[in-house]
Amino acid sequence: MRSVVALAGGVGGAKLALGFSQILCPDELTVIVNTADDDRFYGLHVSPDLDTVMYTLAGVSNVEMGWGLKDESFRTLGKLKEYGLDAWFNLGDLDLATHLFRTQMIDEGRTLSEVCAKLTDALGVRHRLLPVTDDPIRTMIETDDGMMSFQEYFVKNRCDPVVRSISFAGSENCRITDDTKESLVNMDLLVFCPSNPFLSLAPILSVPGFREMLGSYSGKSIAVSPIVGGKAIKGPAAKILQELGHDVSSLGVARQYVGLCDIFIIDEIDVSMKESIESLGMEVFVTKTVMQTNQEKQQLAEFILDIST
Ligand code: FO1
């Protein structure tokens with residue numbers, strides 16, 4: 001039996017997690033998810049990355065939007081706007097149920113992990129999704145337009161402001177959950193999904209004790225580049241690499257994983273980077289990494305399992 005742990009943010013992580021879920025039994029896969037994009041809107045606790053992975057594995061995600069539920073409507077939000085609220089963060093009418101449920105449980109004293117388990121059970125997700133921590137951690141973006149929360153940067157300002165630095169408020173007081181710790185102790189393969197290294201994977205790694213646990217792990221660690229042909233598949237990864245002074249390429253991403261991964265996977269289009277990445281001390285594999293269909297998600301997951309044995 002395998003014991004695969006995938007570290008994931010939003011869409012890219014969710015796609016690869018879905019690929020793994022199609023070939024691994026429920027007790028062979030744990031997805032540890034970023035929670036630093038979490039925030040509160042309209043009094044509700046929003047956990048975007050957990051929901052993106054959860055909805056994707058449940059087969060109910062809104063693929064066109066890249067977040068939220070399919071067949072969604074926004075009538076409640078429209079009413080809030082009519083009342084004069086500056087409702088720039090969109091919560092769909094169906095998605096509101098997830099948020100009402102989560103917020104009510106948290107306000108009753110339940111943990112994010114407990115809520116996640118209840119929601120995934122209800123949606124029929126059989127593989128394990130774990131928030132990296134149950135404690136509050138919030139990505140803050142220092143930009144040329146001032147300091148802002150992640151969702152202000154991402155949604156309200158459409159990633160336009162120039163990023164100067166990124167920090168994770170509260171991370172110093174976070175604890176890894178016992179379930180996360182246990183999955184890291186028992187894993188025989190660690191996968192860094194093709195998620196944003198600065199916004200999705202760095203906050204997971206910033207939780208005290210997480211890096212130390214990886215330090216005492218002796219199995220294979222494999223990262224998949226979220227940059228293909230100098231462009232991000234989705235989101236601001238390329239723009240942020242450039243603004244923070246890194247190479248906008250798989251090489252620029254690979255440099256973020258030195259000391260964390262022994263295998264780095266790049267897309268066929270980036271084959272010319274193979275040697276430069278190898279010179280960082282990683283073994284490099286080249287394959288098709290762009291996942292559009294469910295078959296492509298499964299193929300990449302199969303490729304990763306094959307090279308890890
Ligand atoms: N992304 C947007 O671009 N606009 C939105 O209004 C928006 C609302 C939203 C609501 C719930 C949710 O789970 C995700 C939502 N997202 C929205 C996506 C979210 O901002 C990003 O996917 C992640 O935080 C980045 O991985």
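Indexing begins at 1, ligand by ligand and atom by atom, following the structure's order.
The aromatic rings of His246 and Phe198 lie parallel to each other, with less than 30° between the two planes, well short of the 60° mark.
In this structure, Leu44 CG and Thr103 OG1 are separated by 4.5 Å, a value rounded to the nearest 0.5 Å.
Contact of the Tyr257 side chain with the Ser221 side chain is not registered, since no non-hydrogen atoms from C-beta on lie closer than 4.5 Å. Looking at heavy atoms from C-beta onward, Asn186 lies out of side-chain contact with Thr30 at the 4.5 angstrom threshold.
At a threshold of 4.0 Å, the pair Asp135-Arg175 counts as salt-bridged, since one of the basic side-chain nitrogens sits closer than that to a carboxylate oxygen. Ion pairing between Asp262 and Lys220 fails under the 4.0 Å rule for side-chain N and carboxylate O.
Sorted by chain and number, the residues within 4.0 Å of ligand 1 by heavy atom are Asp37, Pro48, Asp49, Trp67, Phe89, Asn90, Leu91, Asp95, Phe150, Gln151, Phe154, Val155.
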